[in-house]
Structure formats: C-alpha cells, structure tokens
Amino acid sequence: MLLRVLEWRVELDADALPDEPSLPNLGADGVVIDVAEIAGESHVLSLVPVRQPDGSSAWLFSRETVAAVRPIHDANERRWLEERVPEWMKRRTGTGLALWQWLGLVALALVAYGAARAVGAAVIGLVVRLLKPRNEQAADMVGAVRRPLRLLLAAFAFEVGVGYLLLPATAERVVERGANILYIAAGAWAVIALVRVGTLAWEKVLPEDTGGLHRGLRTRLTMMRRIVTVLVGIVAVGLALLQFEVVRSVGLSLLASAGILGVLVGFAAQRTLGGIIAGIEMSITQPIRIGDMVEFEKGDLGVVEHIYFTYVVVRLRDDRRQIVPVTRVMAAPFINWTRSGLDVLVRVELLVDHAAPIDQMRAAFLGFCKEAKLWDKRIARVDVVETTDRAARLVGIASVRAATDAYDLACHLRERWLVFVQQLEGGKYLV
C-alpha cells in the first residue's frame with residue numbers, strides 16, 4: 001500500500017536527502033513529503049531520521065505515516081474514475097461539486113435503482129417460487145417485502161458507489177444521512193407490509209357471517225393493522241429526524257419543557273386524542289364488530305362496514321353510509337342486533353278491531369311463516385300486546401337465521417298479514 005501511495009502522490013528523490021541529517025535542525029514531523037486531506041482530516045506523510053546502532057542516521061517513515069497509509073490508499077484507489085474524466089468536467093460549480101460529480105450522482109442513482117430492482121426481483125421471485133407450493137401465506141409475506149427490499153438495496157448500492165465520486169466531506173455527510181433515512185423507511189415499510197399481509201391472510205381463512213368469535217377476531221385484526229401502521233410510522237419519523245444534529249439539540253430543550261408542552265398539546269387536541277383512545281378501547285371491549293347489525297337512530301338499521309380510529313362506517317339498507325364517531329359509540333346507547341349471534345327475531349305489528357278473530361289471524365300468521373324461505377323454523381307466534389278504546393295491537397314474532405335477512409322477512413310477513421286482514425270479511429276488522 002505504501003508503494004502505491006508513493007507512486008500516486010509523491011515524487012520522492014532519495015538522493016536529495018542528506019546522508020547524515022542534522023537531527024537538531026528538523027522539526028517534530030521530520031521531512032514532510034505530502035499532506036492528504038481526506039473527509040476533513042489531514043494525513044501527513046513524512047520521513048524522520050533515526051540513529052542506528054553504529055552511530056549513523058537513517059531516514060525512516062514516521063509512525064504517523066504508517067497510520068495514514070491505509071486511509072490514503074483507500075481514498076486514492078477510488079480516483080480511477082476521476083482520472084478518466086475530461087479536464088473541463090472537473091471545474092467546480094457554485095455548489096462545490098464538479099460537473100462530473102453531479103452527472104455521476106444522477107447516473108449512480110439510476111444504476112443503483114436498476115440493480116436493486118433486478119436483484120430484488122430475482123431474489124424475491126426465487127424465494128416465492130420455492131415457498132408457494134409448500135406455504136402460500138409465507139410466499140405472500142415474502143412477496144410483500146419486494147418493494148422495501150428494492151429500496152434498501154438501492155440505498156446501499158448508492159452509498160457504496162458514491163465513494164468513487166470523491167465528494168467533499170459535507171456532501172458525503174448528506175449522502176450518509178439520506179441513506180440512513182432510506183434504511184429506516186425501508187424497514188418501517190417492510191414491517192407494515194408484513195403485518196398487513198399477515199392479518200389479511202388470517203382474515204381470509206375466517207368464515208364469513210358466522211358466530212361472534214370470528215367477527216370479533218376480524219375486528220381486532222383490522223384495528224391491530226392500523227395501530228401498528230401508526231406506531232411504526234411515528235417511530236420511523238422520529239428515527240429519521242434524529243439523523244439531524246439540529247433536531248437532536250432541539251430535543252434536549254423540548255425534554256426540559258415536556259410538561260408544559262404536553263399540557264398544551266393535550267388541551268388543543270383533546271377531542272382528537274379522545275377519539276383515538278376511544279377507538280383503541282372499542283377494539284378491546286368490542287361493543288360493535290365488523291359485520292354487526294346496529295341501529296343508532298330509530299329506523300336507521302345497518303351493517304358495520306369499517307371501523308377506524310375515530311369513526312365507524314355503517315352501511316344502511318338503502319346503501320347510504322352513516323358515519324358515527326367512536327366517542328358516540330362508547331358514550332351513547334344504541335342497539336346491536338347481532339351482539340350475541342346472527343339469529344334475531346323480527347317483529348310485525350297490526351292494529352285490528354276488538355271483534356277480530358284472534359285465533360284465525362294467529363293461524364294465518366303461522367302459515368305465512370311456514371311459507372317464507374327466510375324463516376328458520378325456530379320461533380313463530382302472535383301476541384296481543386295492547387288494547388285501547390278503539391283497537392287491539394297484535395304483534396307477530398318470527399325468527400330468522402341471519403340478521404341481514406330480518407328486514408326482508410319482516411316486510412314479507414307484514415304484507416301477507418295485511419292482505420289477509422283486508423280480505424277477511426271485506427276488511428271490516430281493520431282500524
């Protein structure tokens with residue numbers, strides 16, 4: 001290495017050195033033959049006279065020179081690119097970089113991306129093909145990290161190749177911090193992708209519209225996916241900001257005033273934070289789950305379609321979407337028709353005259369239930385729940401296997417029952 005360094009940097013004429021150097025006349029560094037500036041540090045190549053056992057003196061390389069050989073060698077070994085660049089491209093621009101360095105950065109970014117894309121596709125494709133016949137879920141999870149791996153490889157290739165552009169120390173620090181940020185982003189991206197694919201694969205194997213256990217698990221998986229995404233994003237942003245000295249120094253001041261800042265932020269964002277906390281609480285206690293049939297307003301019956309941190313989306317019977325804040329779900333009463341299961345009872349009311357033949361109307365209602373395909377053959381009855389000075393209130397109750405079919409069964413039974421009363425002795429029992 002020393003020989004190559006001397007060939008690169010030094011024109012040393014050994015005959016010009018005195019055979020008997022005058023030791024008192026030399027400085028501490030002896031004879032300095034070269035000074036190399038690398039990454040903001042000075043590395044000195046020097047010769048010092050050393051007294052031999054026979055009393056004579058000899059020129060030897062100093063300890064500092066021996067220590068400087070490797071960094072100078074490594075730095076100059078990368079100069080092969082600069083040596084092949086035309087002189088007009090070596091002129092410095094206003095930014096401190098030469099034209100060839102700017103062009104090299106652009107070309108290196110394209111080459112790094114292309115190489116990362118090719119290597120990532122080859123590696124991930126091979127692993128996926130090997131895993132897919134044995135474990136499709138594992139193959140999907142490996143495929144999910146394709147893009148994060150591509151970003152990681154591109155950042156690594158760019159950081160390795162940029163050393164050959166001989167950038168100034170300031171530019172090298174910028175590249176290093178940028179690469180670190182990309183590494184953090186790739187790691188966070190990979191974690192989020194793995195959690196997303198894993199939870200979605202779990203959801204796919206759960207039966208649709210079954211007992212509350214599966215709907216509850218599906219809700220927990222959805223909330224876990226969103227919570228992990230938010231937490232990983234916050235951690236990634238924090239780690240990225242720590243790459244900058246300004247942020248780290250400011251962080252010490254922020255810690256000193258964390259109490260006051262926490263109070264101010266908590267007061268300003270109490271509704272938002274309250275909604276997020278309520279969303280986490282709802283994912284644990286689960287008063288509603290994805291797929292539940294709920295009723296927040298009288299007559300507005302719908303199915304829970306999505307559950308987010310701060311609101312719930314309910315699909316109503318007419319395909320409208322009702323947006324309900326989670327704070328209302330946790331604070332205000334509502335009806336969950338499928339809390340303990342999907343099977344529910346439908347209720348059909350009818351007002352008739354006091355002289356109406358109750359037994360005949362009860363038999364008719366039971367006959368309509370037996371004809372209905374949606375009735376699950378568990379419960380069917382008619383009760384007289386109220387009488388007034390003008391009429392009697394009859395309530396027909398029938399069971400249905402799926403809550404999503406309750407509305408259709410209720411409409412069918414109500415229509416058939418009303419037509420029957422209209423045709424019974426000319427409809428004289430209707431009120």
Side-chain angles (χ1 to χ4, degrees), residues 38-41 70-71 74-82 84-85 93 95-129 131 138-198 225 228-251:
I38 300 174
E41 297 183 4
R70 182 175 292 278
D74 292 344
N76 281 271
E77 195 175 41
R78 297 194 297 263
R79 290 189 176 275
W80 65 269
L81 182 60
E82 183 186 35
R84 289 162 176 76
V85 173
T93 61
T95 59
L97 298 181
L99 178 59
W100 76 274
Q101 292 173 321
W102 279 113
L103 295 177
L105 287 173
V106 176
L108 180 60
L110 296 176
V111 171
Y113 175 76
R117 190 179 182 90
V119 173
V123 173
I124 296 296
L126 177 61
V127 175
V128 168
R129 280 195 297 270
L131 288 178
D140 291 339
M141 296 188 72
V142 172
V145 300
R146 183 190 307 270
R147 292 182 178 179
L149 178 63
R150 184 188 305 167
L151 178 61
L152 179 68
L153 293 176
F156 178 75
F158 186 84
E159 187 178 20
V160 171
V162 80
Y164 293 89
L165 298 180
L166 305 177
L167 300 179
T170 303
E172 284 188 353
R173 285 194 294 269
V174 171
V175 172
E176 180 182 359
R177 289 173 182 171
N180 291 337
I181 292 175
L182 291 180
Y183 294 150
I184 295 170
W189 192 358
V191 171
I192 293 173
L194 288 174
V195 172
R196 179 178 178 276
V197 172
R225 183 164 59 245
V228 169
T229 300
V230 172
L231 291 180
V232 171
I234 292 174
V235 172
V237 172
L239 292 176
L241 291 177
L242 289 178
Q243 301 302 313
F244 302 95
E245 295 290 343
V246 176
V247 176
R248 283 200 292 266
S249 60
V250 171

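Applying the side chain to side chain contact (heavy atoms under 4.5 Å, CB included) test to Ala193 and every residue at least two apart in sequence or in another chain returns Ala144.
Considering every non-hydrogen atom in both Glu159 and Glu176, the closest pair reads OE2-CG, 4.1 Å. Pairing each heavy atom of Phe158 with each of Leu108, the nearest pair is O-CD2, 3.5 Å. Taking each heavy atom of Ala190 and Val145 in turn, the nearest pair found is CB-CG1, 4.2 Å. When every heavy atom of Ala112 is checked against every heavy atom of Ala157, the shortest pair comes out as CB-CB, 3.9 Å. Pairing each heavy atom of Leu153 with each of Ala116, the nearest pair is CB-CB, 3.6 Å. Across every non-hydrogen atom of Gly143 and Val128, the tightest pair is N-CG2, 4.0 Å.
In this structure, the side chains of Tyr183 and Phe156 come closer than 4.5 Å at one or more pairs of heavy atoms.
Taking a 6.0 Å sphere around CZ of Arg196, one finds it holds 12 or fewer heavy atoms contributed by other residues, nucleotides or ligands. Atom CZ of Arg147 has 12 or fewer heavy atoms from other residues, nucleotides or ligands within 6.0 Å.
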